[in-house]
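Structure first, commentary second.
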Amino acid sequence: MKKILQDFGFAEIENLIISFGEKKFRAKQLYEGLTKGKKISEINVPAELRNRLLEEYEDEPVKIEKTFVSSDGTEKFLFALADGNLIEGVLMKYRYGYTQCVSTQVGCRMGCKFCASTLGGLIRNLTSGEILSQILTVNALHGGAGAKRAVTNVVLMGSGEPLDNYENVVKFLKNVSSADGINVSPRNISLSTCGLVPGIYRLADEGLPVNLTVSLHQTTDEGRARTMPVAKKYKISEILKACSYYFEKTGRRYIFEYSLIAGENCDEKHASELVELLKGRPCHVNLIRLNEVEERDLKAAADKQAYRFSSFLEKGGLSSTVRRSMGSDIGGACGQLRAGYLKNKD
């Protein structure tokens, strides 16, 4: 596999171009072309420079293999990487703009039982440029270019655990928010983690005030460990302490994801425990109606139960919403599309 030019920020591309003996303005031409989602072979630079780049760098590190469109307008993409691996992403259309959910790894090793991404384990990390290319490709597909972006918000909630691919993810965050490039504000970026405590502390010190989202899903360490192996390593008390540090360093309130699983975590007792655990903290609870995974035996709570649970939280003084379900008819949850495609392919 060749190197990926989209891994580079503008200054790095400028240094590369100078090392080739080219004039500086070629770096701007090249970088602007990449930001518009173009292949190297499509960028208007001299043929000699283009051919030299193509000897070392992938022409198209991420391409759309298949597109699925939901009845609600949500688009789900199966992306093919240059090495033949597959990842997926989702574009959700809201009144305020388009939000793209991106993957950070091929597969995942966290083993959460409600997530299809973990079924085959971790294959490999994505580079920063492979993460960015998902956005550049979809943005170009919808006519976005430069300052006039089609993709306005980004969530790192696709396949993979972002903080398990820390260096590449942080470089991606810096490049995607760079004023030289696509310029997505960190405040319009959400990063979801299953609770890798050391990574939360490191991220807090990066000076990138993205929205931190933590998968909680239970009110006790014992309960959490039933569906999330990571709970055996990091206690809820440690996660809460790390979240407090994140708020202290960034000023950004944090969000807890709570998937409602029938018979597991969604009765009034659990709601009361959640209020007791989180009340008074600068946080919000995002309630998720579980997207059932065929290979798992977990069942989703009924819609009525989800809204009742939210009402309990609100009465207890805890901010919460029931996440709008989007793309469920096209396998909208993390890993479902890739898992289904690989299964049918076999």
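Here, residue 1 is the first one in the sequence, and each next residue gets the next number.
The side-chain hydrogen bond (donor to acceptor under 3.5 Å, both in side chains) pairs that include a residue from residues 168-181 are E12-K171, N165-N168, where partners are two or more places apart or lie in different chains. Screening residues 182-192 for side-chain hydrogen bond (donor to acceptor under 3.5 Å, both in side chains) gives S192-E257 as the qualifying pairs, with residues at least two apart or on separate chains. For residues 165-204, the ring pair (Phe, Tyr, Trp, His ring centres under 6.0 Å) pairs, not counting sequence neighbours, are Y201-Y245.
For the pair L156 and V154, the minimum side-chain heavy-atom distance is below 4.5 Å. For the pair V102 and L126, the minimum side-chain heavy-atom distance is 4.5 Å or more. Under the 4.5 Å side-chain criterion, counting only non-hydrogen atoms from C-beta, L173 is in contact with I189. Residues E161 and T104 fail the side-chain proximity criterion, which asks for heavy atoms closer than 4.5 Å. The shortest distance between side-chain heavy atoms of Q6 and P61 falls below 4.5 Å.
Annotation for C194 and C112: closest pair CB-SG, 4.4 Å, computed over non-hydrogen atoms. Nearest heavy atoms, V106 versus L86: CG1-O, 3.8 Å. What you find for M92 and T74 is that their closest heavy atoms are CG-CG2, 4.2 Å. Minimum interatomic distance between C266 and A262 (heavy atoms only, all atoms of both residues): SG-CA, 4.1 Å.
The pair E167-R202 meets the salt-bridge criterion, since a charged nitrogen lies less than 4.0 angstrom from a carboxylate oxygen. Ionic pairing of E60 and K38 is not present here: no N-O contact between side-chain nitrogen and carboxylate oxygen is shorter than 4.0 angstrom. Using a 4.0 Å cut-off between charged side-chain N and carboxylate O, E75 and K93 make a salt bridge. Between K2 and D59 no salt bridge is recorded (no basic side-chain N to carboxylate O distance below 4.0 Å).
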Counting only pairs under 3.5 Å, give me each side-chain donor-acceptor contact of residues 307-316, with atom names and distances, residues two or more places apart or in other chains.
from : atom 1 : to   : atom 2 : distance (Å)
S310 : OG     : S320 : OG     : 3.0
E314 : OE2    : S320 : N      : 2.9
E314 : OE2    : S320 : OG     : 3.3

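One hydrophobic cluster holds both L216 and L163 under the rule that ILVMFWY side chains link at heavy-atom gaps under 4.5 Å. Neither V169 nor L122 shares a network with the other; the hydrophobic side chains, linked directly or stepwise wherever heavy atoms of I, L, V, M, F, W or Y lie under 4.5 Å apart, form separate groups for each. Hydrophobic clustering keeps I255 apart from Y94 (ILVMFWY residues linked when any side-chain heavy atoms are closer than 4.5 Å, directly or through intermediates). Placement of Y96 and V155 within a single hydrophobic cluster is found when ILVMFWY residues are connected by side-chain heavy-atom separations under 4.5 Å, directly or transitively. In the hydrophobic clustering of ILVMFWY residues, with side-chain heavy atoms under 4.5 Å counting as a link, I40 and F8 come out together.
No side-chain donor-acceptor contact under 3.5 Å links S159 and Q105. Residues H284 and S319 have side chains that bring a donor and an acceptor to within less than 3.5 angstrom of each other.
In this structure Y254 satisfies the ring-ring contact (aromatic ring centres under 6.0 Å, His included) test together with F256, sequence neighbours excluded. In this structure H142 satisfies the ring-ring contact (aromatic ring centres under 6.0 Å, His included) test together with Y98, sequence neighbours excluded.
Between the CG atom in L203 and the OG1 atom in T193 there is a gap of 9.5 Å [rounded to 0.5 Å].
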- side chain to side chain donor-acceptor pair (under 3.5 Å) assessment of T219 paired with R224: CA-CA 7 Å; T219 57; R224 200 164 179 261; over 6 Å; no
- Applying salt bridge (charged side-chain N to carboxylate O under 4.0 Å, His left out), run through E42 and R50 and close with a yes or a no. CA-CA 9 Å; E42 295 172 337; R50 191 163 51 242; over 6 Å; no
- Task: Given salt bridge (charged side-chain N to carboxylate O under 4.0 Å, His left out), test K76 with E88 step by step and report yes or no.
- Result: CA-CA 7 Å; K76 186 136 194 183; E88 59 192 85; 2.7 Å; yes
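Annotation for E56: atom CD counts as buried by contact number, over 12 foreign heavy atoms lying within 6.0 Å. For K241, the NZ atom counts as loosely surrounded, since its 6.0 Å shell holds 12 or fewer non-hydrogen atoms of other residues, nucleotides or ligands.
In this structure, R253 forms no cation-pi arrangement with F247, as its terminal cationic atom is not both closer than 6.0 Å to the ring centre and no more than 45° off the ring axis.
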